[in-house]
Amino acid sequence: MSATILIVEDEADLAMMMRYNLEAEGFRVLSALSGDDAAETMRETLPDLILLDWMLPGLSGIELCRRWRAREETARIPIIMITARGEEEERVRGLATGADDYMVKPFSVPELLARIHALLRRSSPQLVTTVLKAGDLELDRTSHRVRRSGREVHLGPTEYRLLEYLMRHPGRVYSREQLLDGVWGNDVYVDERTVDVHVGRLRKAINRRASEADPIRTVRGAGYAFDERFAATT
């Protein structure tokens with residue numbers, strides 16, 4: 001499963017160009033044409049990295065950056081500010097607001113991709129590794145195999161994608177709607193209760209022994225998370 005990148009850019013041609021190149025690179029791409037659209041998108045889906053234009057209709061990029069840095073669930077998402085403002089004072093202002101990097105239009109696609117990969121290696125190394133490990137649980141993204149305490153865990157395709165999605169960000173709580181979008185895709189129309197059914201199947205498959213701790217945490221009224229404390233329990 002590749003990283004999800006949110007493009008917040010009101011220039012349609014530039015947004016389309018970035019989307020094309022990011023998807024060609026294997027990223028999953030979300031897009032918003034205004035600050036208000038971006039705020040709404042972030043309420044539904046949390047990306048792994050944000051490309052944020054400075055000047056936007058409605059909420060500005062600077063204001064969005066400030067708000068996201070103030071929220072616990074979005075405070076650590078890498079943000080690359082993209083703008084026509086190249087003066088040192090403006091770059092400093094963008095970085096001081098909370099942006100992790102800064103690119104001035106026009107920019108080269110290879111440089112943009114290099115900066116994205118560099119930030120993801122630091123913020124989400126699990127997105128580039130082939131094996132995810134936590135406690136006695138191991139997920140091999142190349143062979144699509146899951147093992148617990150050395151034994152093979154047999155999962156259906158949906159349960160595998162669900163486990164991988166949760167393991168990518170231990171501790172992050174995902175609502176059922178976010179899981180439907182991230183695991184099933186926003187073009188698939190299924191009921192939110194479907195998530196509960198597949199979480200139940202996943203738990204049954206990975207928790208075969210009574211002594212085994214459950215790595216999936218239910219957060220009442222919010223959704224599900226991969227318990228960040230799980231690695232320390234085994």
Side-chain angles (χ1 to χ4, degrees), residues 1-6 8 27-30 32 37-50 52 64-79 98 100 119-120 122-129 132-139 141 146 148 153 155-156 158-186 188 190-207 212-234:
M1 187 179 296
S2 60
T4 298
I5 297 179
L6 171 61
V8 187
F27 294 114
R28 177 172 177 261
V29 180
L30 306 171
D37 288 343
E40 181 63 29
T41 298
M42 288 285 283
R43 281 191 284 269
E44 298 175 357
T45 304
L46 294 178
D48 299 295
L49 184 142
I50 302 168
L52 180 60
L64 283 172
C65 186
R66 184 180 295 112
R67 292 186 183 188
W68 290 334
R69 285 294 177 251
R71 291 171 53 196
E72 182 179 357
E73 63 269 32
T74 56
R76 295 179 178 83
I77 298 177
I79 296 175
D100 297 277
L119 278 175
L120 288 175
R122 293 198 296 268
S123 67
S124 303
Q126 68 273 25
L127 294 176
V128 294
T129 187
L132 301 179
K133 294 182 179 180
D136 60 353
L137 192 63
E138 179 179 300
L139 182 148
R141 303 168 78 181
V146 177
R148 184 160 193 186
V153 177
L155 299 178
T158 302
E159 285 72 38
Y160 173 87
R161 292 196 305 271
L162 180 60
L163 178 61
E164 181 186 9
Y165 195 79
L166 292 170
M167 287 185 74
R168 283 170 52 194
H169 295 288
R172 178 184 288 186
V173 179
Y174 291 97
S175 68
R176 289 168 179 80
E177 185 177 4
Q178 288 171 335
L179 289 172
L180 282 175
D181 184 49
V183 177
W184 280 263
N186 53 16
V188 178
V190 291
D191 191 276
E192 288 188 3
R193 287 173 294 182
T194 300
V195 175
D196 299 326
V197 172
H198 285 279
V199 168
R201 291 177 182 172
L202 174 60
R203 280 175 160 152
K204 184 176 180 180
I206 60 179
N207 304 322
E212 291 178 328
D214 186 359
I216 309 300
R217 181 163 60 95
T218 300
V219 182
R220 182 167 301 200
Y224 298 99
F226 190 89
D227 196 338
E228 70 276 17
R229 301 165 298 179
F230 175 68
T233 64
T234 56

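Every value quoted in this text rests on a predicted model; they were computed, and no experiment measured them.
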How far apart are the closest heavy atoms of Leu46 and Glu73, and which atoms are they? CD1-O, 3.9 Å

Between Asp227 and Arg217 the two heavy atoms that sit nearest each other are OD2-CD, 4.2 Å

Considering non-hydrogen atoms only, spot the tightest contact between Arg148 and Asn207 and give its length. NH1-OD1, 2.8 Å

Rounded to the nearest 0.5 Å, how far apart are CG of Asp100 and CG of Leu52? 11.0 Å

Can a donor-acceptor pair be found, under 3.5 Å and without considering hydrogens, that links the side chain of Arg69 to the backbone of Gly98? yes

Looking at Arg43 and Glu40, is there a salt bridge between them, counting it only when a charged N and a carboxylate O are closer than 4.0 Å? yes

Check whether any side-chain heavy atom of Phe27 sits under 4.5 Å from a side-chain heavy atom of Leu49, and report yes or no. no

Residues that Arg193 engages under side-chain hydrogen bond (donor to acceptor under 3.5 Å, both in side chains), provided they are two or more places apart: Asp191

Distance-minimising heavy-atom pair for Ile77 and Pro47: CD1-O, 3.6 Å

Any idea which heavy atoms bring Leu166 and Ala225 closest together, and the distance? CD2-CA, 4.2 Å

Got a second to check how far Leu64's CG is from Arg67's CZ, nearest 0.5 Å? 7.0 Å

Decide yes or no for Met42 and Ile50: does some side-chain heavy atom of the first lie under 4.5 Å from some side-chain heavy atom of the second? yes

Rounded to the nearest 0.5 angstrom, the CD1-CZ distance for Ile5 and Arg28 is 11.5 Å

Could you tell me whether the side chains of Thr218 and Arg203 share a donor-acceptor contact shorter than 3.5 Å? yes

Close side-chain approach of Leu137 and Phe226, heavy atoms under 4.5 Å: yes

Distance, nearest 0.5 Å, that separates OG1 of Thr194 from CG of Leu179: 12.0 Å

Are more than 12 heavy atoms from other residues, nucleotides or ligands located less than 6.0 Å from atom CZ of Arg76? no

Rounded to the nearest 0.5 Å, what separates atom CG in Leu139 from atom CG in Leu155? 8.0 Å

Could you report the tightest heavy-atom contact between His198 and Thr158, atom names first, then the distance? ND1-CG2, 3.6 Å

Reported CD1-to-CD distance for the pair Ile206 and Glu212, which is rounded to 0.5 angstrom: 9.0 Å

Just to verify, what does Tyr224 make a ring-ring contact (aromatic ring centres under 6.0 Å, His included) with, not counting sequence neighbours? none

